[in-house]
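Structure, as structure tokens:
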Amino acid sequence: MSMVDVGPAGPVVKVEERLFQNRYLVDAGRPHIRIKPHEAPSKALLALTHLCPAGCYSRNDKGQVEAVVDGCVECGTCRVVTAKTGEVEWNYPRGGFGVLFKFG
Ligand code: SF4
């Protein structure tokens, strides 16, 4: 019995399985994305706990949003979603650091 689902276009691979194929070189102590200090997150910032494809955003016990961007795929979603609120400071990682895509 096969463990892989097959769709009309071929094998169906979950996003999580694809992301697992990537490799990351973490720039320790120099995250390329930072959240500005806040008491309560805006709706935009809060939405990132659901929107980030790499699951980098979460809420702490005070209800604030935190980010651990070690697995960031540099899609820019958080940058766009918080463009108006300015709560996220977004930069590309330094050269040689960040995500190494295995499949494009
Ligand atoms: S750039 Fe994309 S993957 Fe990286 S933290 Fe923002 S939403 Fe997540």
Side-chain angles (χ1 to χ4, degrees):
M1 185 169 73
S2 172
M3 298 296 286
V4 178
D5 292 332
V6 179
V12 177
V13 182
K14 292 180 180 176
V15 170
E16 293 82 0
E17 291 170 9
R18 286 184 184 259
L19 288 174
F20 183 73
Q21 300 297 319
N22 296 328
R23 294 295 172 257
Y24 306 87
L25 190 56
V26 176
D27 197 357
R30 298 184 66 162
H32 64 286
I33 298 171
R34 294 175 193 265
I35 300 174
K36 293 186 179 169
H38 60 280
E39 289 296 320
S42 69
K43 286 182 181 176
L45 184 57
L46 194 54
L48 296 178
T49 61
H50 301 288
L51 295 176
C52 172
C56 295
Y57 291 86
S58 61
R59 291 185 89 175
N60 65 20
D61 54 5
K62 294 178 185 168
Q64 299 159 327
V65 174
E66 298 177 332
V68 177
V69 296
D70 294 355
C72 170
V73 295
E74 300 169 26
C75 68
T77 299
C78 55
R79 182 179 188 171
V80 171
V81 168
T82 59
K84 287 185 179 170
T85 67
E87 293 164 292
V88 169
E89 209 173 277
W90 201 101
N91 294 286
Y92 283 108
R94 289 193 300 156
F97 293 96
V99 65
L100 172 65
F101 291 105
K102 288 283 193 158
F103 296 107

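Just so you know, ligand 1 is whichever comes first in the structure, and atom 1 is the first atom listed for that ligand. As a basis for the values below, the full set of heavy atoms in this structure was taken, side chains included, without hydrogen atoms, waters or symmetry mates.
A donor-acceptor pair under 3.5 Å links the side-chain atoms of Q64 to the main chain of H38, judged by distance alone. Distance alone, capped at 3.5 Å, is enough to place a donor-acceptor pair between the S42 side chain and the L45 backbone.
Applying the side-chain contact (heavy atoms from CB on, under 4.5 Å) test between V88 and each of I33, V80, V81, V65 identifies I33 as the sole match.
To the nearest 0.5 Å, atom CZ of residue F20 and atom NZ of residue K14 are 14.0 Å apart. Within the model, atoms OG1 of T49 and OH of Y57 stand 11.0 Å from one another, a figure rounded to the nearest 0.5 Å. Here the CD atom belonging to E39 is positioned 8.5 Å from the NZ atom belonging to K62, to the nearest 0.5 angstrom.
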Next item on the list: Would you please test H32 and D27 for side-chain contact (heavy atoms from CB on, under 4.5 Å) and show each step?
Entry: CA-CA 8 Å; H32 64 286; D27 197 357; over 6 Å; no
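Taking atom 4 (Fe) of ligand 1 as the reference point, the nearest protein heavy-atom neighbour is C72 SG, 2.3 Å. The protein heavy-atom contact nearest to atom 2 (Fe) of ligand 1 is C75 SG, 2.3 Å. If you check which protein heavy atom lies closest to atom 8 (Fe) of ligand 1, you get C52 SG, 2.3 Å.
Every atom of ligand 1 with a heavy atom of C78 under 4.0 Å away is listed here by number and element: 1 (S), 5 (S), 6 (Fe), 7 (S). Taking every non-hydrogen atom of T77 and a distance limit under 4.0 Å, the qualifying atoms of ligand 1 come out as 7 (S). Counting the atoms of ligand 1 from 1 in the order shown, those under 4.0 Å from a heavy atom of V73 are 3 (S), 4 (Fe). Close contacts between ligand 1 and Y57 involve ligand atoms 5 (S) [criterion: under 4.0 Å to a heavy atom]. For ligand 1 and G76, the ligand atoms under 4.0 Å from any heavy atom of the residue are 1 (S), 2 (Fe). If you number the atoms of ligand 1 from 1 as listed, the ones under 4.0 Å from a heavy atom of W90 come out as 1 (S).
Of the heavy atoms in L51, none comes closer than 4.0 Å to ligand 1.
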